Each structure stands twice: as C-alpha cells, then as structure tokens.
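For reference, the structure discussed in these notes is given below.
Only a predicted model underlies this, so the values are computations on that prediction, with no experimental measurement involved.
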Amino acid sequence: MFFFPFSDDNPATNRPYICYILIGISCFIFLWQATLPTDLNNNAIYNFGVVPASLLGEKEAYIPSFLTIFSSMFMHGGWMHLIGNMVFLWIFGDNVEDSMGRVKFICFYLLSGIAAALLQAIIDPASEIPMIGASGAIAGVLGAYLILYPRANVNVLFWLFIFITVIRVPAFIVLGFWIIRQYFSASFSCDAAAVAFFAHIGGIIYGALPIFLFIAFDIYLINKRF
C-alpha cells in the first residue's frame, strides 16, 4: 500500500516566502552534495551532520557541534529523502507560516529542528552516526498544522496493488497516521538510529505543544469573560 499526501485544500492568505527560501536552500545544498565524489559527500555529512557523541559528549567535531544542528537541517541523504521532506513542507508549511507570520515561523522552524536533534541525541548520546535532514524541523510544522487545522482536507495518492486513486482525507487522519508510524518505527525498527525517528517525535511534540497551550489559554480567557 502506498499512501502519500501531495496537496491540501487549505489556501494560505499570504505567499509563504520563508517556505520558498527553506526549500530553495535545501535543494541548492543537495545539488552541491550531488556534485561531490562519494567519499567527500560522506565526509560532508559527517562534518556537518549532528553527531550525538560530539553534541553531548567529548568527541571532536569539525565545526562547533551546536552549529551542526543548523547545518544538518539543510542536508539530505538522497533524492527521496529530499523530495519527501520538501513536499511535506510545501503542503503544510504555508498555512503555519501564514498563521504565525514570517519572523515567528522561521524561529519556530529552527527551534523545532533543535528540539528534534536534542531528543535524538539524548536517546542515544554515544552514537557516532550523523543525523541530517529537515525532518525534525518539518515534524514541528506538522505538529502545529495538526493543532491549527485538524479538519483541513489533504489530497492523498492512494495505491493498493493495481488500484490507484486520489482521496481527500482530513489532516488529523493523515498526520495522526504519520505520528503513529514514527512511534512504532522508533520503538521497534532496527534502523531507528539511522533514520532518527526520535528526532521526528521530538519535532512534532515541540510543534504541537505550544500551539495547543496557546489555544487552550485563549479558550480559558474567552470563558472567563462570560
């Protein structure tokens, strides 16, 4: 079964210029990676990816280890890794940017990436496997979208054997399915360290929790008036 969202029916009021910039930088850096010989690309990933043993331990890093959290967000391990992340940012990022404004959104995006990287590093602090990709930061965007627009319809490509169609599914089902998949992958996958599923979980918790608290506080204030 293939289940892949590619657009939503939730138009933004303003153009999402920050999303455009993030997508552009990520694509540019990936194209730079693609020009490198395999050994140099591997070195770039190791030097500019987040290595938990450097971030939380004493292993020597090529650049200050905290800076690798930011550099790692714009690197990817392959075309499918890049395309998957950028499609999700394209679908869900515009509405979250629209709701926050551009300055708050870029801060939110970067802080989601920091939260994601830190959680993965805390889970496995001795790991020397570099983490790269925008997945953690984008997970924060997904968490915010889930709280803000749970009933927005998402257009999903559904493929089961020879049956292929496009279906419209509420965002809370699409993103809920994604969250459940991340949880079980982190818990049971033997490849969890390489894929950094806990980074995805950390990002989505960071993205969802403050939005949920702000909304709950607004509801409390409204109820208090009456």
Subject >> ILVMFWY network linking V51 to I122, side-chain heavy atoms under 4.5 angstrom >> reply: no
**OP:** Working to the nearest 0.5 Å, report the span between OG1 of T68 and CD1 of I63.
**Re:** 6.0 Å
Original post:
When rounded to the nearest 0.5 angstrom, what is the spacing between CG in L142 and CG in L89?
Top reply: 9.0 Å
**OP:** Would you give the length of the straight line joining atom CG of L36 to atom CD1 of I45, rounded to the nearest 0.5 angstrom?
**Re:** 9.5 Å
Subject >> From OG (S65) to CG (L55), nearest 0.5 Å >> reply: 5.0 Å
Original post:
Counting only N and O atoms by type, is there a donor-acceptor contact under 3.5 Å from the side chain of S71 to the main-chain atoms of F48?
Top reply: yes
Subject >> Side-chain heavy atoms of R102 within contact of I106, under 4.5 Å >> reply: no
Subject >> Heavy-atom side-chain contact between R15 and Y20 under 4.5 Å >> reply: yes
Subject >> S26 side chain to I23 backbone, donor-acceptor under 3.5 Å >> reply: no
Subject >> Linked, directly or transitively: L56 and Y46 (ILVMFWY side chains, under 4.5 Å) >> reply: no
**OP:** Decide if atom CZ of F28 counts as having more than 12 heavy atoms of other residues, nucleotides or ligands within a radius under 6.0 Å.
**Re:** no
Original post:
Should I21 and L31 be counted in the same cluster of Ile, Leu, Val, Met, Phe, Trp and Tyr side chains packed under 4.5 Å apart?
Top reply: yes
Subject >> Nearest heavy-atom neighbours spanning V87 and P5 >> reply: CG1-O, 3.7 Å
Original post:
Would you say Y62 has more than 12 foreign heavy atoms packed within less than 6.0 Å of its OH?
Top reply: no
Subject >> Minimal non-hydrogen separation, A121 against M131, with atom names >> reply: N-CE, 4.5 Å
Original post:
Parallel, tilted or perpendicular: which describes the rings of F70 and F66, with under 30° parallel and over 60° perpendicular?
Top reply: perpendicular
Original post:
V166, I164: one ILVMFWY side-chain cluster at the under-4.5 Å cut-off?
Top reply: yes
Original post:
Rounded to the nearest 0.5 Å, what separation is found between the CE atom of M73 and the CD1 atom of I138?
Top reply: 10.5 Å
Subject >> Main-chain N/O of T13 paired to D98 side chain as donor or acceptor, under 3.5 Å >> reply: yes
Original post:
Would you call the rings of F88 and F92 parallel, tilted or perpendicular, where under 30° means parallel and over 60° means perpendicular?
Top reply: tilted
Original post:
Are any of the side-chain heavy atoms of Y109 and I18 separated by less than 4.5 Å?
Top reply: no
Original post:
Is there a donor-acceptor contact under 3.5 Å linking the side chains of Y149 and D8?
Top reply: no
Subject >> Closest approach of P130 to G49 (non-hydrogen atoms, all atoms of both residues) >> reply: CB-CA, 4.4 Å
Original post:
So, for Y17 and E97, which heavy atoms are closest and what is the spacing to 0.1 Å?
Top reply: N-OE2, 3.2 Å
**OP:** Heavy atoms only: give me the nearest L148-S99 pair and the separation to one decimal.
**Re:** CD1-OG, 3.4 Å
Original post:
Taking Q33 for the side chain and M75 for the main chain, is one N or O donor matched with an acceptor at less than 3.5 Å?
Top reply: no
Original post:
Can you name the nearest heavy-atom pair linking A137 to S112, along with the distance?
Top reply: O-CB, 3.7 Å
Original post:
Under 4.5 Å between side-chain heavy atoms, hopping through other hydrophobics if needed: is there a path connecting M86 to W79?
Top reply: yes
Original post:
What's the spacing between N10 CG and D94 CG if we round to 0.5 Å?
Top reply: 7.5 Å
